[in-house]
2 protein chains.
Amino acid sequence: MRNDARGGVDEPRMEAICEGPNVDPEVFRSILARVGDKWSMMLIGMLQEGPRRFSELKSMTPGISSRMLTQTLRQLERDGLVEREMFAEIPPRVEYQVTPLGLSLVPAVLALAEWAATHTAEIAANRDAYDAAAE
Amino acid sequence: MRNDARGGVDEPRMEAICEGPNVDPEVFRSILARVGDKWSMMLIGMLQEGPRRFSELKSMTPGISSRMLTQTLRQLERDGLVEREMFAEIPPRVEYQVTPLGLSLVPAVLALAEWAATHTAEIAANRDAYDAAAE
DNA sequence: CTGAATCCTCACGGATACTG
DNA sequence: CAGTATCCGTGAGGATTCAG
């Protein structure tokens, strides 16, 4: 299959994938939205290194509130990207880890991250130029 | 330091990219947000095939309003992902096309789209199972 | 035809306080 | 420690109307 046909001819068409017969566009868009939301990918990134506790994730993620941490983890768990394990101890301990499914998402997001890293400066410059021209 | 998690193989770490020295985390997150928003990637996908007029894009994109189409195109233009060309005609004609920068984003998004296509059913099943267990 | 302007709703997400 | 409950500001984004 041709994944890297950026010569100009016969490039893969996005709609063929986004709106293909076996892809619910709503589910697809909800996946894109998940990737784009404020904390999900950051959390997946931290869990890559191994299981983490709630409080660890909280302190590793500057700016996040308990509320958003819980909420984001619940969504990731619902999608099967993250697993939650509770230990009946005192004080309570809960560990989160990425599932194989969640792990399989990483390379794709990483590709996006690499693109962003490569083009951040260029985009910032474009924004500045655009804003300057509009004043 | 624990890179021992899974596979054992020296996988790329997301923070190393997301929070690297030459990457503004805010800009990076704004890029992820752009990818995740409701219309941007859909529009990039349509423009892949060639330049399109405003009205073409509008009719090709079910559910979008003029307002959101304009707004999304402006943001893409500001980032330098899309170019806008106005023709001084009557009636007015405006054409949009992806820039090389915008085109360079496509493979990364496509990787995500392929992941989504592959795992849509699995995720939908996970959601159902999760919701069923919670009732 | 290509928008700009306006209004309006609602969900994202932050702050704070409280619980088992 | 690991959340839940509540309040609330802000902004995304839809509907509608008007303009060049």
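Here is how names work: the chains are called A, B, and so on, in the same order as the sequence lines, proteins then strands, and each is numbered from 1. Only a predicted model underlies this, so the values are computations on that prediction, with no experimental measurement involved. Side chains included, hydrogens not; waters and symmetry mates left out as well; all remaining heavy atoms used.
When only modelled atom types and interatomic distance are considered, B:R127 and A:S30 share a side-chain donor-acceptor pair under 3.5 Å. A donor-acceptor contact closer than 3.5 angstrom links the side chains of B:Y96 and B:R84.
The pair B:K58-B:E56 fails the salt-bridge criterion, with no side-chain N (NZ, NE, NH1 or NH2) lying under 4.0 Å from an Asp/Glu carboxylate O.
Taking atom CD on A:E95 and atom C1' on D:dG3, their separation rounds to 16 Å, with Å as the unit. Nucleotide C:dG13 holds its P atom 12 Å from the CG atom of A:L43, rounded to whole Å. Per the geometry, CG belonging to B:L69 stands 13 Å off P belonging to D:dG13, to the nearest Å. Across the protein-nucleic acid pair, B:D37 atom CG and C:dC12 atom P stand 15 Å apart, rounded to whole Å. In this structure, CE of A:M60 is placed 14 Å from P of D:dA2, rounded to the nearest angstrom. For the pair B:L73 CG and C:dG3 P, the computed distance is 8 Å after rounding to whole Å. The interatomic distance linking A:I90 (CD1) with C:dT19 (P) rounds to 18 Å, in whole Å. Nucleotide D:dG3 holds its P atom 16 Å from the CZ atom of A:R52, rounded to whole Å.
Side chain of B:V94, nearest nucleotide from C:dC1, C:dG3, D:dA2: C:dG3. Which of C:dT2, D:dA2, C:dA4 sits closest to the side chain of A:P92 comes down to D:dA2. Side-chain proximity of B:K38 to the nucleotides D:dG3, D:dA2, D:dG13 is greatest for D:dG13. Here the nucleotide nearest the side chain of B:R84, chosen from C:dT2, C:dG3, D:dA2, is C:dG3. Nearest to the side chain of A:S55, among D:dC1, C:dA4, D:dG13, sits D:dC1. Taking the side chain of A:M68 as heavy atoms from C-beta on, and the options C:dT2, D:dA2, C:dG13, the nearest nucleotide is C:dG13.
For C:dC1, neither phosphate oxygen OP1 nor OP2 lies less than 4.0 angstrom from any side-chain nitrogen or oxygen of B:R53.
Here the CG atom belonging to A:D37 is positioned 7.0 Å from the CE atom belonging to A:M68, to the nearest 0.5 angstrom.
Across all strands shown, B:R67 has heavy atoms under 4.0 Å from base atoms, whether or not it also approaches the sugar-phosphate. Nucleic acid contact for B:F87: none, since no nucleic acid atom lies under 4.0 Å from a heavy atom of the residue.
In the hydrophobic clustering of ILVMFWY residues, with side-chain heavy atoms under 4.5 Å counting as a link, A:V94 and A:I90 come out apart.
Ranked by how close their nearest DNA chain C nucleotide is to the 5' end, A:S66 and A:W39 are led by A:W39.
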